[in-house]
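Values in this document were obtained by computation on a predicted structure and should not be read as measured data.
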Amino acid sequence: VGNIVINALLGPLSNVLDFNLRYTVPLYLEGDAARLIEDAGIDAGGIVLLAETEFSVERRSIKGKIAVFFSLASFEYLRKAVARYAESPR
């Protein structure tokens, strides 16, 4: 499920911005932000994209949050791609 959600969240973004993403295997973690960062082994200075999700499948609803961790270099690449897109004529 994690791969599907991550792809649904970031796939369209990478298509619109015309860049490739590399994913790692998703982790299921619970806790506050400090614990998640520590448990996920994220380096200081990283960036977090937080998305709230809700799935509904046959009368069942699952709600939660997805945190996508970026290295500073990766996030800067994303930021530049968004800026190029915003400045380009459509």
Side-chain angles (χ1 to χ4, degrees):
V1 174
N3 287 338
I4 294 168
V5 174
I6 291 170
N7 193 46
L9 178 70
L10 296 177
L13 182 64
S14 69
N15 290 338
V16 167
L17 299 178
D18 193 29
F19 71 92
N20 294 321
L21 293 172
R22 284 182 293 154
Y23 301 103
T24 59
V25 176
L27 300 171
Y28 175 80
L29 301 170
E30 292 185 9
D32 62 16
R35 173 137 187 226
L36 295 177
I37 290 168
E38 181 181 336
D39 289 352
I42 304 304
D43 294 330
I47 305 290
V48 179
L49 174 65
L50 188 62
E52 291 193 37
T53 62
E54 181 174 352
F55 296 99
S56 297
V57 179
E58 295 183 22
R59 292 180 263 154
R60 295 195 105 158
S61 181
I62 302 169
K63 295 180 184 180
K65 293 181 176 63
I66 294 178
V68 180
F69 296 92
F70 292 91
S71 68
L72 194 53
S74 295
F75 189 78
E76 184 61 18
Y77 184 83
L78 174 63
R79 189 193 66 73
K80 286 178 180 179
V82 169
R84 279 192 306 274
Y85 178 79
E87 294 169 359
S88 67
R90 287 183 266 304

Discussion item. Run the side-chain contact (heavy atoms from CB on, under 4.5 Å) test on F19 and L78 for me, step by step, so that the C-alpha distance in whole Å, both residues' side-chain angles and the decisive distance to 0.1 Å come before the verdict.
Written reply: CA-CA 9 Å; F19 71 92; L78 174 63; 3.4 Å; yes

Item to complete: Could you please spell out the steps behind the side-chain contact (heavy atoms from CB on, under 4.5 Å) verdict for V48 and F70?
Response: CA-CA 6 Å; V48 179; F70 292 91; over 6 Å; no

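Expressed to the nearest 0.5 Å, how far NZ of K80 lies from CG of L17 amounts to 14.5 Å.
Ion pair E38/R35 not flagged as a salt bridge, since none of the NZ, NE, NH1 or NH2 atoms sits closer than 4.0 Å to an Asp/Glu carboxylate oxygen.
Heavy atoms from other residues, nucleotides or ligands lying under 6.0 Å from CG of D18 number 12 at most.
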